Amino acid sequence: MEENRENIRKDLSKAEKDAQFEKEFMPLIDSLYNFAYRLTLDEDDANDLVQETYLKAYRFFNSYEQGTNAKAWLFRILKNSFINDFRKKSKEPSKVDYQEVESYYNSDDVDESITTDLRIESLQEMIGDEVATALNALAVDFRTIIILCDLEGFTYEEMAKILDIPIGTVRSRLHRARNLLKEKLKAYAGTMGYNK
Amino acid sequence: MIANNLIRMDKGKKISECNECIQALHLLIDGEASSNQKEFLEKHIEECMPCYQSYNLDKNVKEIVKSKIEKKPVPSALIANIKDKLNESF
Ligand SMILES: [Zn+2]
């Protein structure tokens, strides 16, 4: 992003551009589709969101620096599309006001001890659908940061860029998200009789 | 051995160390700790059972999210649809 290599790009023919686009971006469709699905929780919406992401990526290909972090770049486009186009019309019931979410992160009085009696054995007995249900029950901002970090393995710095937030906020949001996830997992383990 | 170390630790120091540890444990789990932080955290969880348990639980939660949540297969038509749209639009 610091270096300006756009001049090189201008000389590309359409065929060359298409070939690069195909080579760098199409292999990432699997991760993008799964991210879109985990955000929208709907297969059709995920489909639309991924299509839109690729169309935007093609349109803005000139601002992408070849050989840099293609995955983070596409994830950022997808997340912005989701916020701008999908979140507005989505019927997600657990939508949390952003202001409210931020004040959550910034409060220091979060009770750390609530979740300590979640047993590792209970976690290990859970099946994938149960873990997914717990994750899906989180407000979208918390869900997103766990997906980016734990499922996709992005670094804090990459997440800060994808989400347009400072690294400090990445850290506090992740911390809060994990505590909330443990609460959901624990509640789930309780109803399923895992936590005996 | 853990118990002995706990007794040797000054109580006030222990509480502030634990707070520091809990706030920073994610750095260790996510591989984001600096070498100083890593040294402090690893030493602390070796000596402090409650913090070790927090670490172990969080590490397991991370691993379980990663290993248990199933990947959804990309719909077969999606790639073709994207290519069609790109050809139409550009
Ligand atoms: Zn401790």
Side-chain angles (χ1 to χ4, degrees), chain A residues 14 17-18 21-22 25-26 29-34 36-38 43-44 46-47 50-55 58-59 108 112-113 115-120 123-124 126-132 134-135 146-147 149-157 167 170-172 174-175 178-179 181-182 185, chain B residues 14-34 37-38 40-41 44-45 48-90:
Chain A
K14 183 173 186 307
K17 180 181 165 183
D18 288 356
F21 187 85
E22 167 99 31
F25 293 162
M26 291 319 283
I29 194 163
D30 219 77
S31 294
L32 283 166
Y33 180 73
N34 274 274
Y37 178 73
R38 293 274 153 233
E43 290 179 14
D44 292 334
N47 235 301
V50 171
Q51 278 200 27
E52 205 178 305
T53 301
Y54 273 101
L55 286 173
Y58 193 88
R59 198 175 311 138
D108 286 329
E112 300 281 355
S113 65
T115 51
T116 48
D117 56 332
L118 172 64
R119 292 167 61 242
I120 288 166
L123 282 177
Q124 283 164 349
M126 285 187 177
I127 60 165
D129 278 354
E130 293 165 343
V131 180
L135 180 64
I146 289 185
I147 297 165
C149 187
D150 297 344
L151 281 174
E152 296 299 335
F154 283 111
T155 64
Y156 290 4
E157 203 185 330
I167 286 196
V170 169
R171 283 185 55 179
S172 51
L174 191 55
H175 194 102
R178 283 181 173 151
N179 282 338
L181 179 63
K182 281 184 284 182
L185 287 168
Chain B
K14 159 100 177 74
I15 288 166
S16 73
E17 270 198 12
C18 287
N19 284 337
E20 200 182 330
C21 178
I22 292 295
Q23 291 306 318
L25 263 183
H26 293 276
L27 299 174
L28 191 61
I29 290 164
D30 296 326
E32 296 269 352
S34 68
Q37 287 167 324
K38 197 162 176 268
F40 162 74
L41 291 166
H44 183 82
I45 59 176
C48 175
M49 197 57 176
C51 285
Y52 173 73
Q53 282 171 335
S54 289
Y55 165 77
N56 202 26
L57 179 63
D58 283 359
K59 196 164 117 311
N60 269 276
V61 170
K62 183 180 170 105
E63 279 163 12
I64 274 158
V65 166
K66 172 122 186 91
S67 64
K68 292 211 176 187
I69 292 182
E70 277 174 41
K71 286 243 165 195
K72 274 200 125 20
V74 177
S76 49
L78 182 55
I79 295 176
N81 286 344
I82 289 169
K83 286 182 178 165
D84 287 349
K85 278 248 167 70
L86 286 176
N87 285 332
E88 277 167 31
S89 316
F90 297 97

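Just so you know, these numbers use all the heavy atoms, side chains as well, and skip hydrogens, waters and symmetry mates. None of these values were measured; they are calculated from a predicted model. Proteins come first, then strands; the chains are lettered A, B, ... in the order of their sequence lines, and each starts at number 1.
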**OP:** Quick one: pull up NZ in B/Lys83 and CG in A/Asp18 and give me the separation to the nearest 0.5 Å.
**Re:** 10.0 Å

Original post:
If you measure from CG on A/Leu174 to CG on B/Asp30, what distance do you get to the nearest 0.5 Å?
Top reply: 5.5 Å

Original post:
Using non-hydrogen atoms only, which part of B/Leu27 is less than 4.5 Å away from chain A: side chain, backbone, both, or neither?
Top reply: both

Subject >> Toward chain B, the part of A/Ile147 with a non-hydrogen atom under 4.5 Å >> reply: neither

**OP:** Could you tell me the separation between the CG atom of B/Asp58 and the NE2 atom of A/His175, rounded to the nearest 0.5 Å?
**Re:** 7.5 Å

**OP:** Please name the pair of heavy atoms, one in A/Val50 and one in B/Leu78, separated by the smallest distance, quoted to 0.1 Å.
**Re:** CG1-CD2, 3.9 Å

Original post:
Is a salt bridge present between A/Glu152 and B/Lys71, judged by a nitrogen-to-oxygen distance below 4.0 Å?
Top reply: yes

**OP:** To the nearest 0.5 angstrom, please state how far the CG atom of A/Asp150 sits from the CD1 atom of B/Ile64.
**Re:** 11.5 Å

Subject >> Considering all heavy atoms, the nearest A/Cys149-B/Lys62 contact >> reply: SG-NZ, 3.8 Å

Subject >> Between CG on residue A/Leu151 and CD1 on residue B/Ile69, distance to nearest 0.5 Å >> reply: 5.0 Å

**OP:** Select one option (side chain, backbone, both, neither) describing which atoms of A/Arg38 are under 4.5 Å from chain B's heavy atoms.
**Re:** side chain

Original post:
Are B/Lys68 and A/Glu130 ion-paired here, with the side-chain N under 4.0 Å from a carboxylate O?
Top reply: no

Original post:
Can we say B/Lys72 and A/Glu43 salt-bridge, meaning some charged N sits less than 4.0 Å from an Asp/Glu carboxylate O?
Top reply: yes

**OP:** Could you tell me whether A/Phe21 atom CZ has more than 12 heavy atoms of other residues or ligands within 6.0 Å of it?
**Re:** yes

Original post:
Between B/Asn56 and chain A, which part of the residue has a heavy atom less than 4.5 Å away: side chain, backbone, both or neither?
Top reply: both

Subject >> CD/B/Glu63: more than 12 non-hydrogen atoms of other groups inside 6.0 Å >> reply: yes

Original post:
Rounded to the nearest 0.5 Å, how far apart are CD of B/Glu70 and CG of A/Asn34?
Top reply: 10.5 Å

Original post:
Is it true that atom CD of A/Gln124 has more than 12 heavy atoms of other residues, nucleotides or ligands lying nearer than 6.0 Å?
Top reply: yes

Original post:
Where on A/Leu32 is there a heavy atom nearer than 4.5 Å to chain B: the side chain, the backbone, both, or neither?
Top reply: neither

Subject >> Heavy-atom check, side chain of B/Val61 versus side chain of A/Arg178, under 4.5 Å >> reply: no

Original post:
Hey, mind stepping through A/Leu55 and B/Lys85 against side-chain contact (heavy atoms from CB on, under 4.5 Å) and telling me if it holds?
Top reply: CA-CA 8 Å; A/Leu55 286 173; B/Lys85 278 248 167 70; 3.8 Å; yes

Original post:
Among A/Tyr54, A/Phe25, A/Tyr58, which residue meets the side chain to side chain contact (heavy atoms under 4.5 Å, CB included) test with B/Ile82?
Top reply: A/Tyr54

Subject >> Exam field: side chain B/Glu32 to backbone A/Tyr156, donor-acceptor pair closer than 3.5 Å >> reply: yes

